[in-house]
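We're numbering straight along the sequence, starting at 1. Atoms within each ligand, like the ligands themselves, are counted from 1 in listed order.
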Amino acid sequence: MVPVPAKGRRVQRMRRQPDKRRIVPKPRRPTAGANLPARHPLRHAEFLITAADWPQLPAGGAPEVAFAGRSNAGKSSAINALTQRTRLAFVSKTPGRTQHINFFRLPSGALLADLPGYGYAEVPAAMRRHWQRFIARYLAERAPLIGLVLIMDARHPLTELDSQMLDWFLPSGRPVHILLAKCDKLATGEQRRVLDAVYEALTESYGGRTAQIAVQLFSATRRLGVAEAERAVESWLAPLGT
Ligand SMILES: Nc1nc2c(ncn2[C@@H]2O[C@H](COP(=O)(O)OP(=O)(O)OP(=O)(O)O)[C@@H](O)[C@H]2O)c(=O)[nH]1
Ligand SMILES: [Mg+2]
């Protein structure tokens, strides 16, 4: 069965207008410079630096978008899909391979941060504690962080640790865009069921903050939902001129 293209949805809007499901920002209208080649702010990203602890985070204050999620959920694959690079972020069949925050720089100067995956049982307890503290602080306090792309395996969404990430990040008031990744592994009907179930659960748990949260289906391998995800990230960067 051929999966339908994923549709993003803003949690709050869905509740008021249940039949209007397409809620990702509209593509920006071309104004001045309309004859110039289309701008692709996420293309031509380059690896910048790896950070293992707070003092190693890039200085300079360039706006940053973080990609977080469970170990093996598809974070690095999502970054590669959005930047249209095949091997920018390291993709591995072995879970727990990304042990540091890897930063990639876009031509505008803005940064993409590939966070270490959480929830991998084989990681030693001391390392897990270190990462939990580092990531909690990063999500809550990192000043240049303008938005979080939270990647969940569509077959196992909203784990306890996923909720933990939302609990750390949402009080910052900044937006979260959830990708239900590897949706190609689900039949079309199941994709819709999962999207609805996640939407309901988020509305129930984060009723007061739903304007900050959007959720969509995504597949890096089939390139489903890539345009929606791109628009979300670009909508965070564009107002900053990045
Ligand atoms: N079928 C399918 N497989 C995917 C998709 N995205 C990633 N994968 C596979 O899932 C595995 C993990 O992908 P990664 O992108 O490395 O996941 P990650 O979250 O960065 O993993 P860690 O950094 O180790 O936590 C790889 O074997 C990918 O090829 C997808 O959309 N569909
Ligand atoms: Mg990775």
* Asked: Has the side chain of R174 got a donor or acceptor atom that lies under 3.5 Å from a matching backbone atom of F169?
  -> no

* Which atoms of ligand 1 are found less than 4.0 Å from any heavy atom of K75? -> 15 (O), 17 (O), 18 (P), 19 (O), 20 (O), 21 (O), 22 (P), 25 (O)

* **Atom indices of ligand 1 within 4.0 angstrom of S71 heavy atoms, with elements** => 25 (O)

* **N, O or S of S76 under 2.8 Å from the Mg ion (ligand 2)** => yes

* Side chain, backbone, both or neither: the part of K185 lying under 4.0 Å from ligand 1 by heavy atom -> side chain

* Asked: Quick one: are L224 and C183 in side-chain contact, heavy atoms under 4.5 Å?
  -> yes

* Asked: Has ligand 1 got any nitrogen or oxygen that is less than 3.5 angstrom from a nitrogen or oxygen of F218?
  -> no

* Enumerate the atoms of ligand 1 whose separation from the nearest heavy atom of S219 is less than 4.0 angstrom. => 31 (O)

* Asked: Is the number of heavy atoms from other residues, nucleotides or ligands within 6.0 Å of CZ (R105) greater than 12?
  -> no

* A181 N/O to ligand 1 N/O under 3.5 Å -> no

* Asked: Under 3.5 Å, is there a donor-acceptor pair between the side chain of Q56 and the main chain of A52?
  -> yes

* Is S77 in polar range of ligand 1, meaning some N or O pair under 3.5 Å apart? -> yes

* Judged by atom type as modelled, is there a donor-acceptor pair below 3.5 Å linking the side chain of K182 to the main-chain atoms of T221? -> no

* To do: Using a strict 4.0 Å cut-off to heavy atoms of D184, name the atoms of ligand 1 that fall inside it.
  => 1 (N), 2 (C), 30 (C), 31 (O), 32 (N)

* So, T83 versus R85: side-chain donor-acceptor pair below 3.5 Å or not? -> no

* Any donor-acceptor pair under 3.5 Å from E64 side chain to A113 backbone -> no

* Asked: Which of the numbered atoms in ligand 1 are below 4.0 angstrom from a heavy atom of G117?
  -> 25 (O)

